[in-house]
Amino acid sequence: MQLADFIAGSVGVIFQNEEGKEMFCISSKKKETHAESQTEPEDSDISKCRDDPPVQPMLRIYPSALMGDRRRAFGVAVGHPLDTVKVKMQTQRKFTGVWQCIRSIYRTEGMYGFYKGMSMPIITVSVSSSVVFGTYRNALQVFHQLSFKSADAPSAKLHIFLSGLAGGIAQVSVMSPADIVKVRLQCQNEPYEGSDLKARPKYRGPMHCLFTIAREEGILGLYRGAGALALRDGPSFATYFLVYNTVCEWLSPDNSQPVGKKTDWKVVMFAGGLSGTCGWCIGTPMDVIKARLQTDGMDKRRYRGLFHCIRESVRIEGPGVLFKGLVLNCIRAFPVNMAVFVMYELVLSLIRTES
């Protein structure tokens with residue numbers, strides 16, 4: 001199939017045969033044109049798609065995109081308290097340790113303080129997941145077609161890496177506004193009822209924060225730190241998908257089948273946890289810079305841009321500042337990604353069975 005046909009087919013109807021093999025039919029209009037012609041090549045993709053009985057057409061989105069939002073929403077809910085502690089440690093120098101930060105949050109803000117800003121990522125997780133997983137799967141299919149491999153051939157590691165990189169960068173456009181709202185709500189002190197502190201928070205909620213940033217800093221203010229976010233998520237997701245696929249291939253007893261066609265739950269759990277941990281090891285330095293750029297301007301402006309933020313942070317606090325929150329990221333990443341990949345593979349297997 002030519003690249004143009006593939007791109008057209010990727011937005012058309014996906015047919016699935018009795019063996020569960022995905023086939024891309026370019027469009028019903030083009031099929032009718034071929035049906036009216038006198039001859040048709042026997043090895044064409046259209047012929048295969050039409051002549052393989054029993055074929056049941058169904059319009060569907062990739063299971064990866066459908067379930068990515070559910071598993072990531074689960075990850076947001078489970079990991080948000082640790083994420084709050086991490087963000088405060090990355091952006092506020094008064095916190096010198098994890099337990100000191102936890103005690104301070106609980107003493108001044110109560111349990112609510114650990115869950116501030118959680119609503120925005122949960123609300124937008126469906127869109128961001130659809131973008132990242134949809135981009136990843138489509139980019140992987142494009143690479144697969146360009147390499148002229150058979151449908152059952154495993155994807156090259158470089159293609160997995162580049163597809164993950166594209167998916168991570170693509171989601172920045174929809175994730176950045178929600179992320180800056182989350183970070184600013186996490187970083188502002190909001191004493192709970194009964195606390196001795198009487199400070200009034202600047203942002204009264206997610207939507208108030210969103211509109212306040214847009215009013216005071218302009219629409220581009222919602223994308224403050226977007227460059228650092230892209231440099232974090234691109235390499236991080238590239239590593240994420242590459243490690244998961246590689247570990248599953250190494251540890252699965254039957255390597256003749258591609259990842260996703262077989263399920264060994266112990267392998268899935270270990271590969272999922274390890275992939276999340278490796279992804280954060282790569283993404284933490286830019287995560288620190290992103291958080292500092294996003295909170296810059298809450299009181300006064302300190303950084304003139306990405307490189308100025310990196311230079312000033314390293315000059316004042318040393319190179320170790322770029323790895324603030326790494327331990328928390330890894331502690332949170334392993335169990336969360338272990339659980340979400342189990343959910344992902346479980347729902348994926350159910351969809352394949354029903355299909």
Side-chain angles (χ1 to χ4, degrees), residues 76 79-80 82-98 101 116-117 120-121 124 128 132 164-188 203 209-210 213 216-240 276-333:
V76 168
H80 195 80
L82 286 179
D83 183 72
T84 299
V85 175
K86 176 208 69 174
V87 169
K88 283 183 174 288
M89 290 182 61
Q90 289 176 337
T91 57
Q92 301 176 27
R93 298 178 195 170
K94 65 180 181 180
F95 298 119
T96 57
V98 175
C101 184
K116 291 191 305 181
M120 283 302 286
T124 59
S128 62
V132 67
L165 182 72
I169 294 175
Q171 74 160 351
V172 172
S173 60
V174 295
M175 184 179 175
S176 186
D179 195 60
I180 192 173
V181 169
K182 174 189 78 75
V183 169
R184 291 205 176 183
L185 288 175
Q186 286 174 320
C187 289
Q188 76 170 356
Y203 306 117
C209 180
L210 185 73
I213 295 172
E216 294 180 352
E217 305 173 43
I219 297 299
L220 292 180
L222 297 173
Y223 290 89
R224 187 179 302 278
L229 182 60
L231 291 174
R232 183 198 76 173
D233 284 353
S236 181
F237 272 106
T239 305
Y240 185 68
T277 302
C278 292
W280 274 113
C281 288
I282 299 296
T284 294
M286 280 299 107
D287 187 50
V288 175
I289 301 303
K290 172 199 70 73
R292 294 191 170 201
L293 288 172
Q294 288 175 331
T295 56
D296 192 36
M298 289 182 67
D299 45 13
K300 62 179 181 179
R301 191 65 52 81
R302 293 177 295 176
Y303 306 118
R304 297 192 296 270
L306 173 65
F307 295 105
H308 182 254
C309 180
I310 296 174
R311 185 169 61 251
E312 287 298 301
S313 297
V314 172
R315 183 181 64 83
I316 296 173
E317 302 175 61
V321 69
L322 298 177
F323 295 94
K324 272 191 172 183
L326 175 61
V327 174
L328 283 176
N329 280 335
C330 293
I331 292 174
R332 180 187 58 162

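As the structure is a prediction and not an experimental result, all values here were calculated from the model.
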Nearest atoms (heavy-atom pairs only) where Gly234 meets Leu165: C-CD1, 3.3 Å
Which heavy-atom pair separates Lys88 from Cys101 by the least distance, and what is that distance? CB-SG, 3.9 Å
Could I get the full list of side-chain hydrogen bond (donor to acceptor under 3.5 Å, both in side chains) partners for Gln92, not counting sequence neighbours? none
Test item: Gln186 side-chain N/O and Val87 main-chain N/O as donor-acceptor pair under 3.5 Å: no
Non-hydrogen side-chain atoms of Met298 and Tyr203 separated by less than 4.5 Å: yes
Residue pairs involving residues 218-231 (criterion side-chain hydrogen bond (donor to acceptor under 3.5 Å, both in side chains); sequence neighbours excluded): Glu217-Arg224
With sequence neighbours excluded, residues passing salt bridge (Lys or Arg N to Asp or Glu O under 4.0 Å) with Arg93: Glu317
How many angstroms lie between CG in Leu328 and CG in Asp83, if you round to the nearest 0.5 Å? 9.5 Å
Begin from the C-alpha positions of Val132 and Phe237 and carry the test side chain to side chain contact (heavy atoms under 4.5 Å, CB included) through to its verdict. CA-CA 9 Å; Val132 67; Phe237 272 106; 4.0 Å; yes
Between Thr84 and Lys116, is the side chain to side chain contact (heavy atoms under 4.5 Å, CB included) condition met? List the steps. CA-CA 8 Å; Thr84 299; Lys116 291 191 305 181; 5.7 Å; no
With a 4.0 Å cut-off on N to O distance, would you call Lys86 and Asp287 a salt bridge? yes
Please examine the side chains of Gln90 and Lys290, heavy atoms only from C-beta on, and report whether any two atoms are closer than 4.5 Å. no
Does the side chain of Val327 reach to within under 4.5 Å of the side chain of Val98, using non-hydrogen atoms? no
Distance col, row Lys182:NZ vs Cys209:SG, nearest 0.5 angstrom, shows 11.5 Å
Rounded to the nearest 0.5 Å, what separates atom CD1 in Ile331 from atom OG1 in Thr277? 10.0 Å
Roughly how far apart are Glu312 CD and Ile289 CD1, rounded to 0.5 Å? 11.0 Å
Could I get the full list of side-chain hydrogen bond (donor to acceptor under 3.5 Å, both in side chains) partners for Ser236, not counting sequence neighbours? none
Please check: side-chain N/O of Ser176 versus main-chain N/O of Val172, any donor-acceptor pairing under 3.5 Å? no
Can you find a pair of side-chain heavy atoms, one from Leu326 and one from Cys281, that are under 4.5 Å apart? yes
Any side-chain heavy atom of Arg184 within less than 4.5 Å of one from Ile213? yes
Of the non-hydrogen atoms in Arg332 and Asn329, which two are nearest, and what is the gap between them? NH2-OD1, 3.2 Å
How far apart are the C-alpha atoms of Leu322 and Met286, what are their side-chain angles, what is the distance that settles it, and do they pass the side chain to side chain contact (heavy atoms under 4.5 Å, CB included) test? CA-CA 7 Å; Leu322 298 177; Met286 280 299 107; 5.9 Å; no
Please report the shortest heavy-atom distance between Ser173 and Ala170, naming the atom on each side. OG-O, 3.2 Å
Residues in side-chain hydrogen bond (donor to acceptor under 3.5 Å, both in side chains) contact with Asp233, at least two apart in sequence or another chain: Gln171
Considering non-hydrogen atoms only, spot the tightest contact between Ala228 and Leu293 and give its length. CB-CD1, 4.3 Å
Would you say Thr124 and Val174 make side-chain contact, with heavy atoms under 4.5 Å? no
What pairs of donor and acceptor atoms, side-chain ones from residues 301-310 against any protein atom, are under 3.5 angstrom apart with sequence neighbours left out?
residue, atom, partner, partner atom, Å
His308, ND1, Arg304, N, 3.1

Can you confirm whether Leu220 is buried at CG, in the sense that more than 12 heavy atoms of other residues, nucleotides or ligands lie under 6.0 Å from that atom? no
Approximate separation, where rounding is to 0.5 Å, of Arg292 CZ and Lys324 NZ: 5.5 Å
Can you tell me how far apart CG (Leu229) and CD1 (Ile180) are? Round to the nearest 0.5 Å. 10.5 Å
List the atom of Cys187, the atom of Thr295, and the distance in Å for their closest heavy-atom pair. SG-CG2, 3.6 Å
